[in-house]
**Student:** 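I'd like to ask some things about the structure below.
Keep in mind it's a predicted model, so treat the numbers as computed, not measured.
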Amino acid sequence: MSATQPRPPGDDAEHELTVDELAARVGLTVRNVRAYAARGLLPPPRMAGRTGYYGREHVARLLLVREMLAEGYSLAMIERTLASAPPTASSATLALHRALLAPWLPPEPEEATGPELAARMGVPAGPELIDQLVALGIVERLDGERLRVLDPALLVAGQQVVALGVPVTALIAAQAQVNEHVRAISRTYVQMFVGTVWRGFVEAGAPPEQLDAILATVARLQPVSAQAVLAAFRTEMAAEVADAVEVALGELGG
């Protein structure tokens, strides 16, 4: 079934649509609409008997999916972008949600099996390793033995640490603590932004002419906050290393 051209908005935008009408409105095939729904990109329709009816929120989501696909986003990236969006969000809200979230999304996830991950880490394969990685939020289970690595860059960093001779169990335990600290740091920066820049935008009535400046601030917040965290980490790490070296040398001297 070939895609048809989307119909321009009209009075029927207020009415519910069948899946065929929904597909025609957004210029997709019914097969694609069903596939996107199966991936969780659409909230469930209102069911009347065996017929599902879709509203404006479904149209808004599918139009955003089309736009992101045209820009080169994968379905996995789109799925992560929409995961925290309100199910009944309008097209404008979804666009803003996407613009605010996109700079912070991790790299494209990868898929692997448990033995493949264990081989990359240089450790024996076993369910304990996978359970720990899942608990940390580094991987998630798919069908069968397949796993999805949610942040490949973090896994690569872990491989490099293990290659230095650190046992993988010690690394996982340390990473769990680091995640807690990073979560607190992230919350601090987000609350700072929400309590200042975003609050001022909302109190001003969310003027459209200020939206570009808000999005630019969000995009710049990532590198500048990362730079600030790295600078603070470098200072604190130097102090911790100096203390540890002093203790270690004292042991050697004894």
**Student:** Taking all non-hydrogen atoms of both residues into account, name the closest pair between Ala125 and Ala118 and its distance.
**Tutor:**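 In this case the closest contact between Ala125 and Ala118 is CA-CB, 3.5 Å.
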
**Student:** Taking all heavy atoms of Pro43 and all of Glu57, pick out the closest pair and write down the distance.
**Tutor:**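 Between these two residues, the closest heavy atoms are CG-CG, 4.3 Å.
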
**Student:** Apply the side chain to side chain contact (heavy atoms under 4.5 Å, CB included) test between Tyr53 and each candidate in Met47, Arg46, His58; give the one that qualifies.
**Tutor:**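 So, applying the side chain to side chain contact (heavy atoms under 4.5 Å, CB included) to Tyr53 and each of Met47, Arg46, His58, only Arg46 qualifies.
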
**Student:** Rounded to the nearest 0.5 Å, what's the gap from CZ on Arg80 to CG on Leu101? Could you check?
**Tutor:**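 One gets 9.5 Å once the value is rounded to the nearest 0.5 Å.
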
**Student:** Going by side-chain heavy atoms closer than 4.5 Å, which hydrophobic residues are tied to Leu154, directly or by a chain of links?
**Tutor:**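 For the cluster that includes Leu154, the remaining residues are Leu117, Met121, Val123, Leu129, Ile130, Leu133, Val134, Leu136, Ile138, Val139, Leu147, Val149, Leu155, Val161, Val162, Val166, Val168, Leu171, Ile172.
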
**Student:** Transitive ILVMFWY cluster of Val182 at side-chain heavy atoms under 4.5 Å: who else is in it?
**Tutor:**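 Grouped by the 4.5 Å side-chain rule, Val178 form the rest of the cluster around Val182.
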
**Student:** Take Arg141 and Asp131 through the salt bridge (charged side-chain N to carboxylate O under 4.0 Å, His left out) test and state the conclusion after the steps.
**Tutor:** CA-CA 10 Å; Arg141 290 185 172 88; Asp131 289 343; 2.4 Å; yes

**Student:** Out of curiosity, Glu116 CD to Glu110 CD, how far, rounded to the nearest 0.5 Å?
**Tutor:**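 Between atom CD of Glu116 and atom CD of Glu110 there are 10.5 Å.
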
**Student:** Should Leu41 and Arg61 count as side-chain neighbours, where that means a heavy-atom distance under 4.5 Å?
**Tutor:** no

**Student:** Looking only at non-hydrogen atoms, find the nearest pair between Gly137 and Leu150 and report the distance.
**Tutor:**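 For Gly137 and Leu150, the tightest heavy-atom pair comes out as O-CD1, 3.4 Å.
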
**Student:** Are there more than 12 heavy atoms of other residues, nucleotides or ligands under 6.0 Å from atom CD of Glu145?
**Tutor:**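 Not more than 12 within 6.0 Å, no.
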
**Student:** Distance check, rounded to the nearest 0.5 Å: Arg187 atom CZ versus Ile185 atom CD1?
**Tutor:** 11.0 Å

**Student:** To the nearest 0.5 Å, tell me how far Phe233 CZ sits from Glu240 CD.
**Tutor:**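 So the gap between those two atoms works out to 10.0 Å.
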
**Student:** Is there side-chain contact between Leu94 and Leu63, with heavy atoms separated by less than 4.5 Å?
**Tutor:**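 Not touching, per the 4.5 Å side-chain cut-off.
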
**Student:** Any chance you could measure Gln132, atom CD, to Gln175, atom CD, to the nearest 0.5 Å?
**Tutor:** 12.5 Å

**Student:** If you round to the nearest 0.5 Å, how far is CG of Leu100 from OG1 of Thr81?
**Tutor:** 11.5 Å

**Student:** In a table with atom names and distances, give each donor-acceptor pair under 3.5 Å that connects a side chain of residues 190-203 to protein atoms at least two apart or in another chain.
**Tutor:**
unit_1: Thr196; atom_1: OG1; unit_2: Met192; atom_2: O; d: 2.6

